[in-house]
Q: 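Quick one: the structure is below, and I'll ask about it shortly.
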Amino acid sequence: MALAFVLPQFLGASVRRRTPLSSAILHQFFGCPLRLSEPQRSRSPSLFAVVSELVPKDHDSIRLSKNGHDVYRPAETRYTTPRLPRTWTRKSLFSQVPSSESVDLQEPGPFKINIEQAKKVVAHLQTQAVAPFSKSTTSGSSSSPSITGSLLANLLIVATVGVAVCLDLANIAAGSAAGFVVVRALLGSMLLAGAAGYVSVGLLRKLKASQYIRDDGPQSHLNKSGTPTMGGVFFIPVAALVALVATGFDPAVAAVVFVMLANGAVGFADDYLILKNKANTGISPSLKLAGQIASAVFFCAWLVMQVGWMAPQTTLLLPLGLAIPLGALFWPFAVFTITAMSNAVNLTDGLDGLAPGTVAVAAMGLAALLLYSAPALATAAAAVAGASLGFLHHNRHPSKVFMGDTGSLALGSVLAALALAAPAQSAVWALFVVSGVFFAETVSVIAQVLYFKYTKRRYGEGRRLLKMAPLHHHLELSGWKETSVVAALYAAAILFSLLAVLTTPPLVLDVVVFPVVP
């Protein structure tokens, strides 16, 4: 059936064939009038004028269906609309057909609409809180530039590489003969992960490894359904390989890589079952938790064999000369830390580019703090940061692939393992500070659940502290754009890393300066 006949059924109205939707129908659908001048009204845009921004600027029309009418986009006046996700371009929303260099406004344009995606367009527009059409002219004042996913990713990559160069230069100035080891690990991992993504994303799409989007999440995320997931399968192995090779297969780095791959395997099993069941039902929470705890226990057992039960790092050093001597209790604490960090990053992975960007910042913060006390672990942290940035190239808004639990569980666990494996007693404090974003996301979920249970017990009905947890969804539903939320949390992650550098006790000589009393 031609699209011109299908869409009116969705709108509860009917229109004649080859007749653009009238202003009355648009008012009924969008809940706001469409004001056009009289000359424009004869060519008032149809419903699919809302996707005009997805059409290349050198094309002036869209073919709605084989026998349908065209959407007209004048050269001097266009209609700006809520931006639709890039994942709805040629691959999903449009199918490309032969086109010519010059397009007559009266002739069919170079694209035709995929009817199967029509409902998704309608559902997406219904979630927008702003008017779908606003007239703007090229001669008028231009709107303020918006933050794009590409801009955020590129800025973060440049800043991270700059930090790596500064770290290596400082290390060389201090007399190290290692050279630019941090930069090599960062760039090597980033380039390999980015290159692997070009192959893997297409393969995941062919395997139909598409993300399942929960109905109870933000409605604006429903349009992300169909985006490939399990992206961790191509960048986590890259991080592991570069970390091992760059450090000459250092034993401590090998143990850290084991934790990362083990948690990645747990996430892979969960992602696989979700895809197999075509629902958000992977492995049971208890089984997932058991796998995370098991990997942490093996790591801590190895660490005990290396340093002993009462090693210096079992006393946690805090700012202002404070210390917490945990002794043997350090090891249960270490297991908890690995498991908690793994799940914290998993909770943070809810927006395009958010998790890989914040993990890259946190990993580089650890690299800066561990470079002199544990250079091999610092190099491994740089490799993790590089792989995260390589994945960010594909995960930036609008995302081409999601990391899934395969990536998020691995990234969270490796951050914790890097800090716990360090000989410095203040490394755990450094981990806590650089992970401020992940901590805030986790606390928001816990607070939401506790407040809901408390109000349900006291008032008979559950109430929400936030509009939705985790924190990034609350900000979204408060009117923030997705890229604005990501930019704010990137900035927060950078500030937390700087705070860690300023507040963490010295990592070079802390075992000597702050001796542990048996």
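Quick note: numbers below take in every heavy atom, side chains included, and nothing from hydrogens, waters or symmetry partners.
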Q: Between the main-chain N or O of L287 and the side-chain N or O of S284, is there a donor-acceptor pair closer than 3.5 Å?
A: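 Judged by distance alone, yes, a pair lies under 3.5 Å.
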Q: Given 3.5 Å as the limit, does a donor-acceptor pair link the side chain of S484 with the main chain of W480, or not?
A: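 It does not hold such a pair.
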Q: Kindly say whether L167 contributes a backbone atom to a donor-acceptor pair with the side chain of N171 at under 3.5 angstrom?
A: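 Checking the backbone N and O of L167 against the side chain of N171, no donor-acceptor pair under 3.5 Å is found.
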Q: Is it the case that the side chain of S189 and the backbone of L186 share a donor-acceptor pair, with hydrogens and angles ignored and the cut-off at 3.5 Å?
A: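 A pair under 3.5 Å: no.
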Q: Rounded to the nearest 0.5 Å, what's the gap from OG1 on T337 to CE on M341? Could you check?
A: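 Answer for the OG1-CE pair, T337 versus M341, is 9.0 Å.
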Q: Which value, rounded to the nearest 0.5 Å, describes the distance between L466 atom CG and M468 atom CE?
A: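 Between atom CG of L466 and atom CE of M468 there are 10.5 Å.
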Q: Is there a side-chain contact between I147 and K481, using heavy atoms and a 4.5 Å cut-off?
A: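 A side-chain contact is absent here, since even the closest heavy-atom pair is not under 4.5 Å.
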Q: Are side-chain heavy atoms of V401 and T229 found at a separation under 4.5 Å?
A: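 Counting from C-beta outward, V401 and T229 never come under 4.5 Å.
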Q: Would you say D168's side chain and V182's backbone share a donor-acceptor pair under 3.5 angstrom?
A: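 Such a contact is found between D168 side chain and V182 backbone.
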Q: Can you name the nearest heavy-atom pair linking A493 to V437, along with the distance?
A: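 So the two residues come closest at N-CG2, 3.7 Å.
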Q: Have S408 and D349 got a donor and an acceptor in their side chains that come within less than 3.5 Å?
A: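 Side-chain D/A pair, S408 to D349: absent.
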Q: Under 3.5 Å, is there a donor-acceptor pair between the W309 and T314 side chains?
A: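 Result is no, nothing qualifies.
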Q: A193 and F235: which non-hydrogen atoms are nearest, and at how many Å?
A: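 Heavy-atom minimum between the residues: CB-CB, 4.0 Å.
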Q: For the pair L351 and E476, evaluate side-chain contact (heavy atoms from CB on, under 4.5 Å) and give the outcome as yes or no after the intermediate values.
A: CA-CA 10 Å; L351 299 180; E476 266 195 301; 3.3 Å; yes
Q: Are side-chain heavy atoms of H393 and Y198 found at a separation under 4.5 Å?
A: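 Side chain of H393 against side chain of Y198, heavy atoms only: contact under 4.5 Å found.
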Q: Taking S444 for its side chain and L471 for its backbone only, find out whether a donor-acceptor pair lies under 3.5 Å.
A: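 Yes, the answer is positive, given that a donor and an acceptor are paired below the 3.5 Å cut-off.
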Q: Can you measure from CZ (F333) to CG (L316) and round to the nearest 0.5 angstrom?
A: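 Going from the CZ atom of F333 to the CG atom of L316 covers 5.5 Å.
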Q: For the CG atom of L354 and the OG atom of S399, what is their distance to the nearest 0.5 Å?
A: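 Atom-to-atom, L354:CG and S399:OG are 12.0 Å apart.
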Q: Testing V181, L377, V257, V253 one by one against T247 for a side chain to side chain contact (heavy atoms under 4.5 Å, CB included), which residue passes?
A: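 That would be V253; it is the only one of V181, L377, V257, V253 passing the side chain to side chain contact (heavy atoms under 4.5 Å, CB included) with T247.
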Q: Would you indicate whether the side-chain heavy atoms of L187 and M190 approach each other to under 4.5 Å?
A: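 A side-chain contact under 4.5 Å exists here.
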Q: Going from OG on S478 to NZ on K467, what distance comes out if it is rounded to the nearest 0.5 angstrom?
A: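 Rounded to the nearest 0.5 Å, the OG-NZ separation comes out at 4.0 Å.
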Q: Would you please test M230 and L275 for side-chain contact (heavy atoms from CB on, under 4.5 Å) and show each step?
A: CA-CA 10 Å; M230 293 176 64; L275 295 175; 3.2 Å; yes
Q: Taking it one step at a time, do D352 and R396 satisfy salt bridge (Lys or Arg N to Asp or Glu O under 4.0 Å)?
A: CA-CA 5 Å; D352 293 349; R396 63 189 180 184; over 6 Å; no
Q: May I ask you to establish whether R463 and Y459 are in a cation-pi arrangement, using a distance under 6.0 Å from NZ or CZ to the six-membered ring centre and at most 45° from the ring axis?
A: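 Positive - R463 is close enough to the ring of Y459 and near enough to its axis.
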Q: Determine whether the aromatic ring centres of F402 and H394 lie less than 6.0 Å apart.
A: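 Here the rings of H394 and F402 have centres that are no less than 6.0 Å from each other.
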Q: Can you tell me if E441 uses its side chain to pair, donor with acceptor, with the backbone of T348 under 3.5 Å?
A: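 The answer is no, because no donor-acceptor pair under 3.5 Å joins these two groups.
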Q: Flag the pair V361 / F496 as yes when at least one side-chain heavy-atom distance between them is below 4.5 Å, and no otherwise.
A: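 No; the side chains remain at least 4.5 Å from each other.
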Q: Check whether any side-chain heavy atom of L318 sits under 4.5 Å from a side-chain heavy atom of W429, and report yes or no.
A: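 Touching, per the 4.5 Å side-chain cut-off.
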Q: Verify side-chain contact (heavy atoms from CB on, under 4.5 Å) between L156 and L392, making sure each step is shown before the conclusion.
A: CA-CA 10 Å; L156 187 63; L392 178 62; 3.9 Å; yes
Q: Report the C-alpha distance between F330 and L420 in whole Å, list the side-chain angles of each, state the deciding distance to 0.1 Å, and finish with yes or no for side-chain contact (heavy atoms from CB on, under 4.5 Å).
A: CA-CA 10 Å; F330 174 83; L420 293 169; 3.7 Å; yes
Q: Quick one: does any side-chain atom of Q425 pair with a main-chain N or O of P312 as donor and acceptor, under 3.5 Å?
A: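 Looks like yes, one N/O pair under 3.5 Å.
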Q: Is the F268 ring parallel, tilted or perpendicular to the Y272 ring (thresholds 30°, 60°)?
A: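 F268 vs Y272 ring planes: parallel.
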Q: Looking at K288 and D405, does any basic side-chain N land under 4.0 Å from a carboxylate oxygen?
A: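 Salt bridge present between K288 and D405.
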Q: What heavy-atom pair brings L409 and N343 nearest, and what distance separates the two atoms?
A: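 For L409 and N343, the tightest heavy-atom pair comes out as CD2-OD1, 4.2 Å.
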Q: Do any N or O atoms from the side chain of N395 and from the backbone of F391 form a donor-acceptor pair under 3.5 angstrom?
A: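 Here the side-chain-to-backbone pair does not exist.
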Q: Is M403 close to P356 at the side-chain level, that is, under 4.5 Å between some pair of heavy atoms?
A: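 Touching, per the 4.5 Å side-chain cut-off.
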Q: Scan side-chain atoms only and decide if T339 and Q292 contain a donor-acceptor pair under the 3.5 Å cut-off.
A: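 No, Q292 and T339 have no side-chain donor paired with an acceptor closer than 3.5 Å.
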Q: With a 4.5 Å heavy-atom cut-off, do D270 and V266 have their side chains touching?
A: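 Answer no - side chains too far apart.
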Q: Please round to the nearest 0.5 Å and tell me the distance separating atom CG of D271 and atom OG1 of T406.
A: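 It is 3.5 Å, given to the nearest 0.5 Å.
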Q: Identify the heavy atoms of S388 and L411 that sit nearest to each other, and give their distance.
A: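 In terms of heavy atoms, the two residues are closest at OG-CD2, 3.8 Å.
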Q: Does Y451, at its OH atom, have more than 12 non-hydrogen atoms belonging to other residues, nucleotides or ligands within less than 6.0 Å?
A: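 Counting other residues, nucleotides and ligands, OH of Y451 exceeds 12 neighbours.
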Q: Show the nearest heavy-atom pair for residues L415 and F438, with the distance to one decimal.
A: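 Nearest heavy atoms, L415 then F438: CD1-CE1, 3.9 Å.
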Q: So, do F432 and F439 have ring centers that fall under 6.0 Å from each other?
A: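 Aromatic pair counts; centres sit under 6.0 Å.
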Q: Counting distance only, does the side-chain N/O of S342 pair as donor-acceptor with the main-chain N or O of G412 below 3.5 Å?
A: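 Not a single qualifying donor-acceptor pair exists.
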Q: Determine the minimum heavy-atom distance between P423 and S373, stating which atoms define it.
A: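 Heavy-atom minimum between the residues: CG-O, 3.8 Å.
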